[in-house]
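Working notes for the structure below.
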Amino acid sequence: MEAPLPRAFFERSAPQVARDILGKTLALDGVSGRIVETEAYLSEGDLAAHSARGVTPRTRVIFGPPGHAYVYFIYGMYDCLNIVCEPEGVAGCVLIRALEPLTGLDRMRKRRPAARRDEDLANGPGKLTRALGIKITHNGSDLTRGPITVHSPEAAKGFQIATSTRIGITQSADLPLRFFIKDNPCVSRR
DNA sequence: AGTTCGATCGCCT
DNA sequence: GGCGATCGAACTG
């Protein structure tokens, strides 16, 4: 596995990072997957962003330096992984919504017994954190140092990027900030 | 201190 | 397609 993506990769606008990170590899402790679906959350004019109402104990890391994990606990059961973007002091992050499993499938299956097919192991934001073992304790983790890392794949595959509105939000719901690899079977929704 | 509701998932009909 | 699980963050008073 090659070196993790450098901090400069993440020190850009959230929509830019959300597009460019498609096809990259997310890894933790030998378990990894190809990022096939993301959503961008903006620093300004985005009421759906957790950072929209300023710095709180929860949203603190979103305003911190880029390339760190923002992990939050939702619906009493699920952890969701975001990657902090933009220069330090500016909010903005990318929600990782789905992975195509690459390595460590046996461990993913143990952690996700409800998944009937391998495509279902990590095809949702709550599913992929469970499949990889990502929890709230990883909040603030530096992705350029690990243990959670993002890499360019050894051999890049060609793919088309599709865009849509974001899933599961009620405010700022019309912004086209969801990005996914077209026709990939591990995307959470068409 | 109490209330509301959520960037979800899986099971039920 | 609908809904319950399950609990913390944020807001109200």
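Within every chain, numbering begins at 1; the chains are lettered A, B, ... in the order of the sequence lines, protein sequences first and strands thereafter. Keep in mind the model is a prediction, meaning the values are calculated, not measured.
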- Note on the structure: Counting only Watson-Crick and G-U wobble pairs with both atom distances below 3.5 Å, the stems of 3 or more consecutive pairs that include DNA chain C are B:1-6 with C:7-12, B:8-12 with C:1-5
- Considering only heavy atoms of chain A and a distance under 4.0 Å, specify the first and last nucleotide of DNA chain C in 5' to 3' order that meet this criterion. C:dA5 to C:dC11
- Item | Over-ring placement of A:Arg189 relative to A:Phe180, 6.0 Å and 45° cut-offs | no
- Sole candidate of A:Arg97, A:Arg19, A:Lys182 that passes salt bridge (Lys or Arg N to Asp or Glu O under 4.0 Å) when paired with A:Glu37: A:Arg97
- Message: According to side chain to side chain donor-acceptor pair (under 3.5 Å), who are the partners of A:Arg112, at least two apart in sequence or on a separate chain?
- Response: none
- Message: So A:Ile169 and A:Glu39, do their side chains get closer than 4.5 Å, heavy atoms only?
- Response: no
- Item | Pairwise distance CD1(A:Ile148) to CD1(A:Ile96) - rounded to 0.5 angstrom | 10.5 Å
- With sequence neighbours left out, what residues match A:Lys157 under side chain to side chain contact (heavy atoms under 4.5 Å, CB included)? A:Arg34, A:Glu100
- What string of B, S and - do you get for nucleotides 1-13 of chain B, 5' to 3', when a contact is any protein heavy atom under 4.0 Å? -----BBBSS---
- In short, side-chain hydrogen bond (donor to acceptor under 3.5 Å, both in side chains) pairs touching residues 139-152 of chain A with sequence neighbours left out are A:Arg7-A:Asp142, A:Arg7-A:Thr144, A:Asp142-A:Thr144, A:Thr149-A:His151
- Query: Considering only heavy atoms from C-beta outward, does the side chain of A:Asn82 approach that of A:Ile62 to under 4.5 Å?
  - Reply: no
- Query: With A:Ile181, which of A:Ile161, A:Leu22, A:Thr38 fulfils side-chain contact (heavy atoms from CB on, under 4.5 Å)?
  - Reply: A:Leu22
- With the 4.5 Å side-chain cut-off for hydrophobic clustering, are A:Val36 and A:Leu105 part of the same group? yes
